[in-house]
Protein chains: 2
Amino acid sequence: MPPKAKVTIKDVALKAGCGIATASRVLNNSGPTSAEVRERVNRAALDLGFSFSAIGRALQSSKSMTVGCLVPSLANPVFAEAVQGVQNELVGTNYQLLISSSNYDDKADDDAISTLVSKEVDGLIVTMVAPERSPALKLAHQRGIPASLMFHDPIEGFATSYVDNFEAAREVAQRFSEYGHRRTGFLALRLATSDRSRNRYAGFHAECRARGMPDPVLIELSETDANRPEKLTAILAAHPDLTAIFASNDFLAIAVQKAARLLGWIVPRDLSVVGFDGIEIGKLLDVPLTTIETMPEKMGRQAAKSLLTAMQGGVLEQLPPLPFRFRAGATLAAPRAKSRDDGRVAAQPPSVPLIKTILKQG
Amino acid sequence: MPPKAKVTIKDVALKAGCGIATASRVLNNSGPTSAEVRERVNRAALDLGFSFSAIGRALQSSKSMTVGCLVPSLANPVFAEAVQGVQNELVGTNYQLLISSSNYDDKADDDAISTLVSKEVDGLIVTMVAPERSPALKLAHQRGIPASLMFHDPIEGFATSYVDNFEAAREVAQRFSEYGHRRTGFLALRLATSDRSRNRYAGFHAECRARGMPDPVLIELSETDANRPEKLTAILAAHPDLTAIFASNDFLAIAVQKAARLLGWIVPRDLSVVGFDGIEIGKLLDVPLTTIETMPEKMGRQAAKSLLTAMQGGVLEQLPPLPFRFRAGATLAAPRAKSRDDGRVAAQPPSVPLIKTILKQG
DNA sequence: AACAAATATGGAAACGTTTCCATTCAGGTG
DNA sequence: CACCTGAATGGAAACGTTTCCATATTTGTT
């Protein structure tokens with residue numbers, strides 16, 4: 001084990017007393033070799049601790065054996081799971097995963113793609129703010145780098161692995177309607193940078209209309225407000241007529257319940273809440289979360305799978321969306337029959353001190 | 001915009017009517033050039049849509065400008081956040097992030113490191129099952145590839161960014177003791193593959209002893225059982241004398257509360273629970289989770305930061321552990337004075353039908 | 001025994017960079 | 001006017017592979 005910094009195939013050939021070409025053939029099993037030289041080369045490689053330089057290989061074959069993956073942020077468990085799905089699918093192939101994240105920034109998205117392209121990735125798997133108007137992504141496409149989208153609805157020229165947000169949201173509106181809800185709200189974060197949220201809102205809105213319900217109230221929260229319930233509490237208080245909230249993700253669905261409790265409202269008696277994503281924790285809550293279950297891991301897997309076939313010369317074809325599933329939970333129920341102000345506030349007189357207590361600890 | 005597959009610096013030089021060396025100097029600002037040729041080269045590069053081949057560069061400079069990162073799984077939000085932290089620190093440098101995951105498998109860990117090394121990463125950031133006995137990691141070290149650990153306690157030869165699990169766990173024992181708890185349990189997943197959990201257990205155990213409490217009951221859950229509360233319910237029922245549980249992560253802390261509820265126990269009246277990690281959702285729960293807050297994002301950042309200085313020729317030095325913080329929450333309280341069987345079961349007669357209901361929906 | 005066919009081998013080019021070195025040319029100094 | 005300095009430039013080597021091609025050796029067939 002001489003800890004030589006770099007041992008190349010040249011060193012192996014030298015030690016084995018043969019030419020580089022022969023050593024290469026032995027090490028790759030890529031051509032005729034005599035048993036004798038095979039023995040010598042393998043022994044030399046082992047002794048020297050040789051391993052191929054992926055860079056040398058990449059240069060000569062113009063294949064980096066690397067796929068680039070861009071998501072807004074790994075701090076969002078949904079994206080993290082999807083990336084893990086990609087990874088799971090890539091294990092066993094010889095492809096490695098180069099990742100980047102944009103923190104939901106349009107410009108950063110584009111830069112990230114450029115960087116990945118200049119690293120000569122063999123394929124791309126992306127979730128970005130606006131894939132349809134990313135110059136870098138278009139350029140990658142022109143250069144013949146196959147790209148597979150995740151979470152996005154289909155757009156011209158790319159295959160995508162996604163869940164039908166519009167349809168899923170329609171189902172939520174339908175459930176609300178069946179329980180007799182009429183005045184609803186849609187709660188989301190960063191609507192401007194999330195086509196997913198926009199699609200959910202669109203579907204929810206469309207189905208509410210179709211059922212003759214009033215248009216849902218659109219509640220958009222800033223990043224920072226999401227962790228501090230006060231703002232949400234104020235918003236709820238300002239809309240006492242809402243009986244049901246559709247939250248664009250499960251975290252928000254849990255946050256809005258916290259806000260409701262601060263007002264002394266009880267879920268689902270005084271307010272129904274439905275989330276989106278289907279995180280596991282939702283099942284374990286005291287009042288299990290009603291939500292739409294999706295499969296981020298599968299999404300990543302599917303994106304990786306199609307990309308792999310595309311990289312092997314196959315054609316990138318659009319598969320149908322991944323299924324979603326309505327998880328009943330217990331945060332959705334019929335709205336109270338009685339008028340709001342009588343019912344809710346009266347039922348929980350000590351709401352004000354409660355707020356104080358919790359504000360203090362936050 | 002001729003969508004030529006590959007435009008190299010040779011093409012640029014040709015079009016600009018100069019030598020390759022000159023073109024390189026212009027494009028890199030790395031030597032004397034006349035204003036005139038500079039103009040021509042830049043224009044040619046722009047016209048042709050030239051961008052450097054990172055592979056060509058890597059080969060010649062023997063720097064891949066890539067750091068490899070290995071974590072057990074991105075499906076665990078703690079690791080995902082840490083990786084995002086690494087990423088955040090790397091943005092702005094010219095380093096890209098190559099990731100891999102082992103799914104908590106010892107062998108896979110080693111293979112992953114080998115692969116990353118053969119990709120010639122310039123540095124490594126790793127969390128693995130057992131870094132101290134990974135041949136591949138040792139080899140990387142011998143080859144002079146700097147490596148920075150995450151989540152691990154310090155080991156010979158590597159810098160690590162971590163939280164003092166032992167100390168944090170001692171604090172939990174101390175809090176339990178102060179509230180008057182004596183019989184406690186430690187709940188964990190995959191103890192064999194997580195030195196973090198083992199260290200927490202060790203610290204918890206040590207402090208319980210130091211305070212004259214009985215040794216904590218060690219409860220280890222299989223992966224699959226963690227999502228299905230029945231098993232946990234059975235375990236709790238088998239240990240009716242426990243008054244407090246320290247869970248090795250917040251997810252388990254929430255799961256054990258679910259199990260307790262299935263038995264009709266009320267948290268924290270009948271059972272105190274303390275978690276670990278400090279996930280945001282914990283704050284939003286009806287009964288806010290008592291837990292140890294840690295900073296995974298910072299951990300990733302710190303690991304990346306030290307690695308960066310090491311890669312720039314600096315020395316990899318061990319920093320003190322990152323701080324943790326006890327978050328009070330509301331799932332920790334004094335144990336009930338009365339005997340168990342009187343208190344708990346009698347207080348919640350309808351516990352059996354409740355179990356049935358919930359089992360059905362799971 | 002002679003020759004074709006198959007097998008084994010190594011030299012060299014190519015992949016896209018950067019950088020060392022040598023060359024050319026202009027301008028300044030004695 | 002000869003000389004030196006410094007700037008500008010391009011050729012070529014090197015980084016580690018794979019692969020084409022040509023050569024050398026063995027095997028098999030008449």
Side-chain angles (χ1 to χ4, degrees), chain A residues 4-42 44-45 48-66 94 96 117-122 143-144, chain B residues 4-42 44-45 48-66 94 115 117-122 143-144:
Chain A
K4 201 203 167 193
K6 216 102 199 190
V7 32
T8 75
I9 201 170
K10 203 180 273 184
D11 301 319
V12 174
L14 193 70
K15 173 150 191 176
C18 69
I20 302 181
T22 307
S24 174
R25 271 186 296 259
V26 172
L27 264 10
N28 289 298
N29 249 324
S30 62
T33 48
S34 70
E36 190 222 353
V37 77
R38 226 173 303 152
E39 160 67 16
R40 285 204 319 255
V41 168
N42 284 324
L48 264 41
F50 169 78
S51 80
F52 283 110
S53 157
I55 294 181
R57 279 182 148 174
L59 184 60
Q60 114 79 26
S61 66
S62 53
K63 297 216 147 301
S64 66
M65 297 312 280
T66 287
N94 285 319
Q96 298 304 303
V117 167
S118 82
K119 278 267 174 182
E120 267 137 313
V121 294
D122 295 331
R143 291 218 189 153
Chain B
K4 202 203 170 197
K6 215 103 198 185
V7 32
T8 76
I9 201 170
K10 203 181 271 185
D11 301 318
V12 174
L14 194 69
K15 173 149 190 178
C18 68
I20 302 180
T22 307
S24 174
R25 272 186 296 260
V26 172
L27 264 10
N28 289 299
N29 248 325
S30 63
T33 47
S34 69
E36 190 222 352
V37 77
R38 226 173 305 152
E39 161 66 17
R40 283 199 327 250
V41 168
N42 283 325
L48 264 42
F50 169 79
S51 80
F52 284 110
S53 156
I55 293 180
R57 279 182 147 173
L59 183 59
Q60 113 79 25
S61 66
S62 54
K63 298 215 148 301
S64 67
M65 297 312 280
T66 287
N94 285 319
T115 309
V117 167
S118 82
K119 278 266 174 182
E120 266 137 313
V121 294
D122 296 331
R143 292 219 189 152

Strictly below 4.0 Å, heavy-atom distances to any atom of DNA chain C: list the hits from residues 18-27 of chain A, or just say none. A:Cys18, A:Gly19, A:Ala21, A:Thr22, A:Arg25
Starting at atom CG of B:Asn29, determine the distance to atom P of D:dA7, rounded to an integer number of angstrom. 15 Å
In numerical order, the residues of residues 51-60 of chain B whose heavy atoms come under 4.0 Å of DNA chain C are B:Ser51, B:Phe52, B:Ser53, B:Gly56, B:Arg57, B:Leu59, B:Gln60
Just by distance, do the side chain of A:Ser64 and the backbone of A:Glu120 share a donor-acceptor pair under 3.5 Å? yes
Euclidean distance, A:Leu27 CG relative to A:Phe52 CZ, rounded to 0.5 Å: 4.0 Å
The complete set of salt bridge (charged side-chain N to carboxylate O under 4.0 Å, His left out) pairs with one or both residues in residues 18-42 of chain B, sequence neighbours excluded, reads B:Glu36-B:Arg40
For residues 54-62 of chain B, tabulate all N or O donor-acceptor pairs below 3.5 Å that involve a side-chain atom, not counting sequence neighbours.
unit_1: B:Arg57; atom_1: NH2; unit_2: B:Asn28; atom_2: OD1; d: 2.7
unit_1: B:Ser61; atom_1: OG; unit_2: B:Arg57; atom_2: O; d: 2.9
unit_1: B:Ser61; atom_1: OG; unit_2: B:Lys63; atom_2: N; d: 3.2

Estimated bend of the helix from C:dA1-D:dT30 to C:dG30-D:dC1 (axis per five terminal pairs, rounded to 10 degrees): 60°
Nearest heavy-atom neighbours spanning A:Val7 and A:Phe50: O-CD1, 3.3 Å
Compare all side-chain heavy atoms of B:Ile9 with those of B:Ser24 and state whether any distance is below 4.5 angstrom. yes
Nearest heavy atoms of A:Val26 and A:Thr33, plus distance in Å: CG2-CG2, 3.5 Å
Nearest heavy-atom approach of B:Asp122 to B:Met65 is OD2-N, 2.6 Å
Contact check, side chains of A:Leu14 and A:Ile20, non-hydrogen atoms, under 4.5 Å: no
With a 4.5 Å limit on heavy-atom distance, are the side chains of A:Val41 and A:Cys18 in contact? yes
Which is the 5'-most and which the 3'-most nucleotide of DNA chain C that has an atom under 4.0 Å from a heavy atom of chain A? C:dA8 to C:dG16
Base, sugar-phosphate, or nothing: which does A:Ser34 touch, judged by heavy atoms less than 4.0 Å apart? sugar-phosphate
Are B:Thr66 and B:Lys119 packed together at the side-chain level, in the sense that at least one heavy-atom pair is separated by less than 4.5 angstrom? no
